[in-house]
Amino acid sequence: MESVDVVVIGGGPAGSTAATLIAKDGHSVVLLERESFPRHQIGESLLPSTVHGVCRILGVSEKIEEAGFTVKRGGHFKWGAGEEPWDFTFGTSSKLEGSTSYAFQVERMRFDQILLDHSRENGVDVRERCEVRDLVLDGGRVRGVVYADASGAEHRVAAKYVVDASGSTGTSHRRLGIRRRYSEFFRNIAVYGYFAGGKRRPEPNSGNIQSIAFEHGWFWYIPLGDDLTSVGAVVDRSAAGLLKGDKAAALRGLIDQCPTVRDNLEGVERVTSGPYGRVRVRKDYSYCDDRFWSPGYVAVGDAACFVDPVFSSGVHLATYSALLSARSVNSCLAGELDEQAGFGEFEARYRREYGLFYEFLVGFYDMNADEDSYFWQARNVAGCGRTDAEAFVELVGGIADAQDLVTQAEEVRRRMASTSARLSQDVRRTQPQAQAGGNPIFSSEVVGDVMGTGLRLQASAMAAETGRVIERPVTAEGLVPSGDGLRWRPPSTPPKAM
Ligand code: FAD
């Protein structure tokens, strides 16, 4: 049987990021991807933390910059109390050299291909059209995988660690008896397609995402190129029946009910051929697993959790968790940490980040209190019922005591309501600046908190190039990244010499 240090399942952003960072630390890595790349995927609007943080740590920034993706300076929202739309632009932190106040809107077929090719260039053995069918289990430890190649022939690969980056369709959690909890609050459905152009915001913001609330939910409108716009509606799950029929007609019907998107697309044809030619539906995408690792196994990206498409957190959580997992795998393979310490650090940081976005996004939905709409009434903080809040606290904090759970769930709901109120206030306060092209809610404290990890990640990426460590531990016993960003080390140890 073939034997390697690490097998990675899946070649999306999470898989390629983890694979590259583990190979960079000198380990043998096989990455198994079911599809033949390039393949279509949703998740096209990125955050600066991915572009200037993880991509820089990966050493792939130049290729991403050269790819000519649409520059995203921020977003245009029709969201919250009041009729007026508002804008935000990504702020620059004075601590960061150069301008990191932008991200990209990416065709995922091209973005994911660049990251996967970069893994190959860093020594990862990437095998496309290879589907993992089972985990090899031995006494409660994952020791490899069984996969089928393009001809259907089955193979086994033994590995010291399996990184599961198989996205939302992965099934390893079931095989390992890990419970997946679906969010009641975010249980929406998305229907989306692509249009051959459409209106843009005035320069320099023509590449900005537009998020437009309407009676039945909200739309994303992402300019991917002059002749390509990704347009999707997020609606209540009760619309599932409608979307079983003619999906294109259902999307058109929703667009017609949202004046902003309808006007943006006036006279513009939907793309009907090629990889963008289909109207697609996604559902059951908001969940979090009870455990993110077990002996010999770690789950990253959508294979572990996802919150909601609003505010573009998916690829950030995927690549950030992949970076955290690679540090843990590398430290354990080097014999520097035991698994509990190494993967405990991974899980604590990943859950914390998931939790920050979850709370923020509930508060963000709550801003749009439309009393006449079933969708928005069911998605205010009160709609995040006690059970949902308790499940969330358990998932993020791992609380054991029942009374603590109730108290903390109440505290979480209070914070969500306060997030919503403060955001609404900030939007009102900064409206004049926004109209003058300023930097409104992005400078607000709430958004600053949720973007904090992203900023630290960007600073860390820059520091890694000089061997300086700037991240702090997130728990009392916590660890910090090594100077090159590839492993964990105790905070008291001096930074690794470069
Ligand atoms: P994926 O990108 O799904 O990659 C997983 C890979 O694993 C796939 O290539 C798959 O073929 C492969 N695979 C699966 N099973 C196997 C197997 N058994 N063997 C081998 N290979 C396998 N995020 C954003 O950042 N911005 C957005 O604007 C955004 N919009 C979204 C809109 C919607 C409606 C949804 C549902 C999500 C959105 N997201 C967005 C989230 C984003 O799509 C995901 O978070 C992101 O793609 C996760 O990356 P990943 O690498 O974990 O998984």
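The basis for the numbers below is simple: all heavy atoms, side chains too, and nothing from hydrogens, waters or symmetry mates.
- Contact record, Gln105 with Ile209: NE2-N, 3.2 Å, taken as the closest heavy-atom pair.
- Screening Phe214, Phe77, Tyr192 for a ring pair (Phe, Tyr, Trp, His ring centres under 6.0 Å) with Phe219, the sole residue that qualifies is Phe214.
- Just one residue in the list Arg73, Gln210, His76 forms a side-chain hydrogen bond (donor to acceptor under 3.5 Å, both in side chains) with Asn205, and that residue is Arg73.
- Between the His216 side chain and the Gln257 main chain, no donor and acceptor come within less than 3.5 Å of each other.
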May I have the step-by-step check of side-chain contact (heavy atoms from CB on, under 4.5 Å) for Leu254 and Val191, ending in yes or no? CA-CA 10 Å; Leu254 290 165; Val191 51; 3.8 Å; yes

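- Interatomic distance, CG of Leu243 versus CZ of Arg237, reported as 14.0 Å (0.5 Å rounding).
- Between Glu390 and Arg386 a salt bridge is recorded (basic side-chain N to carboxylate O distance below 4.0 Å).
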Under the salt bridge (charged side-chain N to carboxylate O under 4.0 Å, His left out) rule, what do Arg414 and Glu410 come out as? Steps first, then yes or no, please. CA-CA 6 Å; Arg414 200 192 52 70; Glu410 269 318 306; over 6 Å; no

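- Between Glu353 and Tyr320 there is a side-chain heavy-atom pair separated by less than 4.5 Å.
- Within the 4.5 Å cutoff, the side chain of Val315 has no heavy atoms near those of the Leu47 side chain.
- Residues Lys247 and Arg280 fail the side-chain proximity criterion, which asks for heavy atoms closer than 4.5 Å.
- For Phe346 and Trp488, the ring centers are positioned 6.0 Å apart or more.
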Run the side-chain contact (heavy atoms from CB on, under 4.5 Å) check on Trp86 and Lys78 step by step: do they pass? CA-CA 6 Å; Trp86 47 275; Lys78 189 160 187 329; over 6 Å; no

Should Ser325 and Phe343 be marked as a side-chain contact (heavy atoms from CB on, under 4.5 Å) after you check the CA-CA gap, both sets of side-chain angles, and the distance that decides it? CA-CA 7 Å; Ser325 75; Phe343 291 98; 5.5 Å; no

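- The closest donor-acceptor contact from the side chain of Ser331 to the backbone of Ser328 lies at 3.5 Å or more, if one exists at all.
- Panel note: side chain Thr419, backbone Gly363; no donor-acceptor pair is recorded below 3.5 Å.
- Checked by atom type, the side-chain pair Glu339/Tyr161 shows a donor-acceptor distance below 3.5 Å.
- Judged by distance alone, the side chains of Tyr365 and Asp308 do bring a donor and an acceptor atom under 3.5 Å apart.
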Can you list the steps and then say if Glu394 with Arg181 is a salt bridge (charged side-chain N to carboxylate O under 4.0 Å, His left out)? CA-CA 11 Å; Glu394 270 184 322; Arg181 299 206 215 188; 3.0 Å; yes

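- Nearest approach of Ser230 to Ile42, heavy atoms of both residues: OG-CD1, 4.3 Å.
- A side-chain donor-acceptor contact under 3.5 Å links Ser373 to the backbone of Glu215.
- Between Val8 and Val6 there is a side-chain heavy-atom pair separated by less than 4.5 Å.
- Annotation: cation-pi pair Arg180/Tyr287 present, NZ/CZ under 6.0 Å from the ring centroid and within 45° of its normal.
- For the 3.5 Å distance criterion, the side chains of Ser119 and Thr20 qualify, holding a donor opposite an acceptor.
- Side-chain N/O atoms of Ser45 and Trp220 include no donor and acceptor closer than 3.5 Å.
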Applying salt bridge (charged side-chain N to carboxylate O under 4.0 Å, His left out), run through Asp289 and Arg179 and close with a yes or a no. CA-CA 6 Å; Asp289 287 359; Arg179 183 171 159 206; over 6 Å; no

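- Between Trp218 and the choices Trp376, Phe375, Trp79, Phe364, the ring pair (Phe, Tyr, Trp, His ring centres under 6.0 Å) rule is met once, by Trp79.
- For Tyr182, the OH atom counts as densely surrounded, since its 6.0 Å shell holds more than 12 non-hydrogen atoms of other residues, nucleotides or ligands.
- When all heavy atoms are compared, the tightest approach of Glu33 to Gly11 is OE1-N, 2.7 Å.
- Between Tyr102 and Phe104, the ring planes are perpendicular. Angles over 60° get that label, and only those under 30° would be called parallel.
- No donor-acceptor contact under 3.5 angstrom links the side chains of Asn368 and Arg379, judged on distance only.
- Distance CZ/Arg351 to CZ/Arg291: 10.0 Å, rounded to 0.5 Å.
- Here Phe88 and Phe311 bring their ring centres to under 6.0 angstrom of each other.
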Show the numbers, then the answer: is there a side-chain contact (heavy atoms from CB on, under 4.5 Å) between Glu371 and Gln377? CA-CA 6 Å; Glu371 284 173 12; Gln377 276 307 299; 3.9 Å; yes

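- Atom CG of Leu323 sits about 8.0 Å away from atom CG of Leu58, to the nearest 0.5 Å.
- For the atom pair OG of Ser420 and CZ of Arg415, the computed distance is 15.0 Å after rounding to the nearest 0.5 Å.
- Pairing each heavy atom of Ala382 with each of Arg413, the nearest pair is CA-NH2, 3.9 Å.
- The CG atom of Leu46 sits 11.5 Å away from the OG atom of Ser313 when rounded to the nearest 0.5 Å.
- The closest side-chain heavy-atom distance from Ile22 to Val163 is below 4.5 Å.
- Judged by distance alone, the side chain of Arg487 and the main-chain N or O of Pro481 form no donor-acceptor pair under 3.5 Å.
- Counting heavy atoms from C-beta outward, Leu135 and Leu176 have side chains that approach closer than 4.5 Å.
- If you take CG on Asp284 and OG1 on Thr169, they are separated by 12.5 Å, rounding to the nearest 0.5 Å.
- One side chain, Ser49 or His316, offers a donor N or O that lies under 3.5 Å from an acceptor on the other.
- A donor-acceptor contact shorter than 3.5 Å is absent between the side chain of Asp164 and the backbone of Val298.
- Judged by distance alone, the side chain of Thr475 and the main-chain N or O of Gly478 form a donor-acceptor pair under 3.5 Å.
- A 6.0 Å sphere centred on CZ of Arg141 holds more than 12 heavy atoms belonging to other residues, nucleotides or ligands.
- Under the 4.5 Å side-chain criterion, counting only non-hydrogen atoms from C-beta, Thr17 is in contact with Val54.
- Side-chain contact between Met416 and Asp366 is absent, with no heavy-atom pair separated by less than 4.5 Å.
- Shortest non-hydrogen contact noted between Phe306 and Tyr285 is CD2-O, 3.0 Å.
- Listed here is the closest heavy atom pair of Lys72 and Ser312: NZ-OG, 3.3 Å.
- Using a 3.5 Å distance cut-off with no hydrogens or angles, the side chains of Tyr358 and Ser183 do pair a donor with an acceptor.
- Here the side chain of Thr319 pairs no donor or acceptor atom with the backbone of Thr50 at under 3.5 angstrom.
- A donor-acceptor pair under 3.5 Å is absent between the side-chain atoms of Glu44 and the main chain of Glu107, judged by distance alone.
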